[in-house]
Peer 1: 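Quick one: the structure is below, and I'll ask about it shortly.
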Amino acid sequence: MISSMSREEILGEIERAISDLDADACKKACQRALKERIAPMDIITEGMAKGMETVGRKFECREIFLSDLIMAGEVMREAMDIVKPNVKQDDVRSTGNVALGVVRGDLHDIGKNIVVMLLQAAGFEVADLGIDVTAEKFVEAVQKNAAEIVGISALLTVTMPEIESVINELEKAGLRKGVRVVIGGAAITPEYGERIGADYAAKDAVDGVNECKAWAAAKR
Amino acid sequence: MNSKERMIRTIEGEEPDRVPLGTTGFYDWTSSFLAGALLPHFGLAEKWTPNGPPTWAADHVDKVEEMLGIDSKKIVATCPAEFRRKASYDPRFMGSGWGVRIAPDTLVDEFGITWQLVLPDKLHTRIISHPLKDPDALEDYVFPDPDAEGRYDEAEQYVERWHEEYPISACPADVYLFDQGWFLRGFHENMIDFYRNPSLIERMYDMNQKFFLGCAKRLAEMGITILAIPDDVAGQTGMILAPDLWRKHIKPRMKEVVDAMKRKDVYVLYHSDGDIGPIIKDLIEIGVDILNPIQPECMDPAQVKRTYGDRITLCGTISMQKTLPFGEVGDVRNEVIQRIKTCGQGGGLIIAPSNNAELDIPVDNFLAVYDTTKKHGTYPLSL
C-alpha cells in the first residue's frame, strides 16, 4: 500500500517537472510512479495534466512564452511514451472528442498544433485535420470521429470567410446543433465569432483549450 | 524636401515637411495584391509578369509607388549569378523569388529550402522540405556566400538610380536568424533545439550571421540608407521565442549587425509581426532606429510612442487585420489621422499598412492610407 504522502509527492514531482520543462526529471518521476504502482491514468490526469494546467496558467499570465509551451508539450509527450503503454483500454477516460484543423487556403498551423498538444494533455481524443482543410473535410471528420467539438483556425483575414463556410456545411449536414464550434486565429474576435455563429472565439491556444475543458466538464 | 530628406529627418526625431509614407509591411509586395488590385487600378495590369526582374526593381512597381507617394525604395533579398543560371524567378515565392523549379508549383531556394504554392489561389507559399530537419545535416551544410559573384548586380543599379532622391532600405534575405532557423530545421524541431540543443542553435546562427552580416556590409558600402532586419519572433498575443532566449542567442548578433551599420551611417529597421513589447527596450539599447510594423491589434502604437518615441521611429501602425480589410474609407481616414495625432509629434513616424496587403483589402481603403497622410500629415501638425 502506497502512503498518500508518497503518492502525492511523486505526482507533484511529475507536475513540477513539466512546469520546469525538465524532460529527464519528468521521465524519472513517471518511472518511479509506475514502480510504486500508481495507476497509469492517475499519473496522466493527476500528474501530467496538472503540470500542463500550470504551464497554461503561466502562459496566460505571460510568465512564459510560446516556445516554453512547446517544450512543455515535448516533456509531456516523452513522459506519455513511458506511461501510455501501461494504460489498459478499459481504464481510458476520454475528456471528449475534438476535430480540428486550419481552413482551406491557410497554412499557418503553429497555434493549431499547440491546441492539439494541450487537448491531448487534457485527455481529449483529437482528430488533427492539418492545414488547408475544406469545409467538407471538417464535416466528414465530425461524422467519422463522432466529434463533439470542432476547432477551426484561420490566421489570415483573407481566409477567415472559410470559417463561416465550415459552420454552414455543418448546418447543411444537420450536425451543427450537436457540436461546439470553437474558432481561433490572429484576426479572430468575439464579435466576429458571434456574427458567423461560432460558439466561442478563443483569444489564444490556452484560452481555446480552457473553453473545451469547461464545456466538456459542464456536459458531464 | 525630397523623400530621402523627409525620411532621414523623421528617423532623426525631427519634423520633416510631412509624415513619410512606407510600403506595405516590410516585405516585397504580395503578388496577389499587386497583380490583383494595385496594377489594374493604376492601369498597369498588362505589365504584370511572373518572370523578369525582381518585383522591387521593376519599373511598373516604381510607378505604383510613385503614384502612392511612397517615400522609400527597397531592395528585398539578393541572389548570385551562378544560382540564377540554374534557377527561375517567380515573385510569388518568398525571399529573392529565385529558386530551382522542381515542379510547376515548387521551388528550392538558395538555402535549399523547398517552397510550394498553396491552394486555392496559388499565391501563398509553404515550406514542404527543411534541409536541416536532420540535425546532423548541419555538419555539411554551407550557407550562401555573401560575396558570390553577381549577387548585388540589380541592387547596385537600383541604388545608383535612386539614392539621391530616396532612402533605400535593403535586406540581405527576407528573414534573419529566428525565422531562417526554423525554415531550415522545421518549426517544432527548432523550438526544441533552444532547450535541448542550444549548441546547434549557436552553430547555425554563427553561420547565418556570417552570411547576413557579410551581405549587410556589402549593401552598406553600396550606399543604402536603411538596413532592414526582418525576424518574426512574436505572434498576436505575445512572443513566440521566450525573451530570455532571444537575448541569449539573437540580441548579441543583432548588435553586431547594428554596430557595423552605424559605422557606415546606415540606419537599422527591425521588423517583427505581433507583440514584441518585452524586447523593445533591448532593441533600443543595441541601437535599432526604426520599429516595424507595430500591428495595432498587438501593440498600441500611441503607447509605444509615449514610452519609446524619443528613442525610436515607428513605421507602419495602420490596421491590416480590421480597418483596412473590413472598414470603410472613412474608418481608414480616421485611423490615419488618429495615428498622426498620437504618434507623429516630433517626427519619428512613418505611416504604412501594418503588414502585407492581401486581396481582401478594398483598393480605395488602401489608397486612403496614402491620400490621408498626404492631406493631413503636413508639419507642423494641425490636427
Side-chain angles (χ1 to χ4, degrees), chain A residues 20-24 58-75 77-78 102-114 116-117 130-134 154-162 165 184-189 191-192 195 202-207, chain B residues 30 32-33 36 115-128 178 182 187-196 232-246 249 273-275 277-279 295 297-298 319-326 355-361:
Chain A
D20 290 346
L21 311 184
D22 190 339
D24 289 340
K58 283 184 177 180
F59 179 77
E60 294 277 79
C61 297
R62 301 204 175 193
E63 284 175 41
I64 65 169
F65 299 84
L66 203 68
S67 58
D68 301 313
L69 203 58
I70 292 168
M71 184 60 198
E74 186 72 1
V75 171
R77 189 189 61 74
E78 289 182 10
V102 179
V103 297
R104 188 177 79 107
D106 205 322
L107 46 92
H108 299 90
D109 63 352
I110 295 172
K112 185 268 296 172
N113 290 342
I114 305 269
V116 169
M117 174 191 78
I131 58 172
D132 189 26
V133 184
T134 61
L155 181 102
L156 302 171
T157 52
V158 78
T159 52
M160 272 163 61
E162 290 290 331
S165 301
I188 300 298
T189 60
E191 297 73 28
Y192 177 77
R195 187 162 60 77
K203 65 173 165 64
D204 58 36
V206 172
D207 183 45
Chain B
T30 56
S32 53
F33 193 70
W115 298 84
Q116 186 180 64
L117 289 169
V118 176
L119 291 167
D121 62 5
K122 296 243 185 229
L123 289 169
H124 292 88
T125 53
R126 65 170 167 168
I127 297 172
I128 60 169
F178 178 73
W182 74 258
F187 185 77
H188 182 83
E189 290 79 359
N190 196 219
M191 292 307 104
I192 303 302
D193 286 338
F194 282 100
Y195 300 87
R196 279 267 168 78
D232 289 330
V233 297
Q236 194 77 8
T237 55
M239 302 263 306
I240 297 173
L241 181 63
D244 285 350
L245 292 172
W246 182 87
H249 295 288
D273 293 353
D275 180 359
I279 62 168
Q295 294 172 251
E297 294 80 7
C298 308
S319 168
M320 286 286 306
Q321 291 177 311
K322 287 198 188 110
T323 315
L324 278 170
F326 304 128
N355 222 314
N356 298 314
E358 299 281 354
L359 269 175
D360 60 346
I361 295 180

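In what follows, every chain begins at residue 1, and chains take the letters A, B, ... in the order their sequences are listed.
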Peer 1: Where on T159(A) is there a heavy atom nearer than 4.5 Å to chain B: the side chain, the backbone, both, or neither?
Peer 2: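 Contact with chain B is absent: no heavy atom of T159(A) under 4.5 Å.
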Peer 1: I would like to know whether I192(B) and M71(A) meet side chain to side chain contact (heavy atoms under 4.5 Å, CB included); could you show each step before the answer?
Peer 2: CA-CA 6 Å; I192(B) 303 302; M71(A) 184 60 198; 3.8 Å; yes
Peer 1: Heavy-atom distance under 4.5 Å to chain A: side chain of Q236(B), backbone, both or neither?
Peer 2: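 Contact with chain A is through the side chain of Q236(B) alone.
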Peer 1: Could you give me the CA-CA distance, side-chain angles and deciding distance for R196(B) and E189(B), then say whether salt bridge (Lys or Arg N to Asp or Glu O under 4.0 Å) is met?
Peer 2: CA-CA 10 Å; R196(B) 279 267 168 78; E189(B) 290 79 359; over 6 Å; no
Peer 1: How long is the straight-line distance from CD of E74(A) back to CE of M117(A), given to the nearest 0.5 Å?
Peer 2: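 Rounded to the nearest 0.5 Å, the CE-CD separation comes to 9.5 Å.
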Peer 1: Could you work out, with side chain to side chain donor-acceptor pair (under 3.5 Å) as the rule, every residue matching D22(A), not counting sequence neighbours?
Peer 2: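 Applying side chain to side chain donor-acceptor pair (under 3.5 Å) to D22(A) gives none.
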Peer 1: Who among D204(A), I64(A), I110(A) has the most heavy-atom pairs with chain B under 4.5 Å?
Peer 2: I110(A)
Peer 1: Quick check on M191(B) against chain A: is it the side chain, the backbone, both or neither that has a heavy atom closer than 4.5 Å?
Peer 2: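 Answer is side chain: those atoms of M191(B) sit under 4.5 Å from chain A.
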Peer 1: F187(B) versus chain A, heavy atoms under 4.5 Å apart: side chain, backbone, both or neither?
Peer 2: side chain
Peer 1: Please look at D193(B) and chain A and tell me whether the side chain, the backbone, both or neither of the residue comes under 4.5 angstrom of a heavy atom of that chain.
Peer 2: neither
Peer 1: Go through the atoms of L245(B) and report whether side chain, backbone, both or neither lie under 4.5 Å from a heavy atom of chain A.
Peer 2: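 Side chain only.
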Peer 1: Please classify the contact between L156(A) and chain B as side chain, backbone, both or neither, with a heavy-atom cut-off of under 4.5 Å.
Peer 2: side chain
Peer 1: Below 4.5 Å, heavy-atom pairs only: which of D244(B), T237(B), I361(B) has the largest tally toward chain A?
Peer 2: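 Between D244(B), T237(B), I361(B), the count favours T237(B).
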Peer 1: Any ion pair linking D275(B) and R62(A) (charged N to carboxylate O, less than 4.0 Å)?
Peer 2: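 Answer for the salt bridge query: yes.
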Peer 1: Quick one: what part of I70(A) sits under 4.5 Å from any heavy atom of chain B, side chain, backbone, both or neither?
Peer 2: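 For I70(A), backbone and side chain are both near chain B.
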Peer 1: Side chain to side chain contact (heavy atoms under 4.5 Å, CB included) between N356(B) and F33(B): does it pass, once the steps are laid out?
Peer 2: CA-CA 9 Å; N356(B) 298 314; F33(B) 193 70; over 6 Å; no
Peer 1: So does K203(A) have more than 12 non-hydrogen atoms from other groups sitting under 6.0 Å from NZ?
Peer 2: yes
